[in-house]
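Working notes, beginning with the structure itself.
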Amino acid sequence: MNEERKKVIGLRIKKCRQDNKLSQEELAQKLDMKRSNVANYEAGRVVPPGSALLEMSEIFNVTTDYLLGSTNDSYSKFSLEDNDLKQIQRQRNKLTGKDRERFENMIKMLKLSFLDTENEEGDEFDEEDDL
């Protein structure tokens, strides 16, 4: 990763932290790490691991893409509630044939998009898991 990108990531983390009125120490405590780690992220010396980026996106209520500098749209975070997941599962059970196959393929693609983050934490998706 180039130095310019690291600086962008650092500046975004710092801005989000300040917008949320958190000190480096407070953010470090929420992330269960040392304050110096946060300082290194903000200075662009170190790129946070995926698991830390995911946690920060949840703390700041922004997307990981925003933190990584891939988009300027910080607050378009998509979130599913338990009721949403139950409704999706009910609808899935009604599908047959090609529609069910397309749906299953979409779910597999979503799983793959999160696989890197999950693997960093030591978890893996189980192909047999339902929604």
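Bear in mind the structure is a predicted one, so any value in this text is a computation, not a measurement. All values below were derived from every heavy atom in this structure, side-chain atoms included, with hydrogens, water molecules and symmetry-related copies excluded. Position 1 is the first residue of the sequence, and the numbers go up from there.
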Ion pair Glu104/Arg92, N-O distance below 4.0 Å: yes
Minimal heavy-atom distance between Ser57 and Leu67, with the atoms involved, is N-CD1, 3.8 Å
Ile13 and Leu27 have their tightest heavy-atom pair at CG2-CD2, 4.4 Å
Met56 versus Pro48: any side-chain heavy-atom pair under 4.5 Å? yes
For Glu101, the side-chain hydrogen bond (donor to acceptor under 3.5 Å, both in side chains) test, sequence neighbours excluded, returns none
| message | With a 4.5 Å cut-off on side-chain heavy atoms, are Gln91 and Phe103 touching? | response | no
Residue pairs passing the side-chain hydrogen bond (donor to acceptor under 3.5 Å, both in side chains) test with at least one member in residues 28-37, sequence neighbours excluded, are Gln24-Arg35
Donor-acceptor list for residues 4-12 side chains, cut-off 3.5 Å, not counting sequence neighbours:
from: Arg5; atom 1: NH1; to: Leu68; atom 2: O; distance (Å): 2.5
from: Lys7; atom 1: NZ; to: Ala43; atom 2: O; distance (Å): 3.0
from: Arg12; atom 1: NH1; to: Tyr66; atom 2: O; distance (Å): 2.7
from: Arg12; atom 1: NH1; to: Thr71; atom 2: O; distance (Å): 2.7
from: Arg12; atom 1: NH2; to: Asn72; atom 2: OD1; distance (Å): 2.5

request  = For the residue pair Arg17 and Tyr41, establish whether any side-chain heavy-atom pair is separated by less than 4.5 Å.
outcome  = no
Do Ile59 and Leu31 come close enough that some side-chain heavy atom pair is under 4.5 Å? yes
Between the CG atom in Asn20 and the NZ atom in Lys15, the distance rounded to the nearest 0.5 Å is 9.5 Å
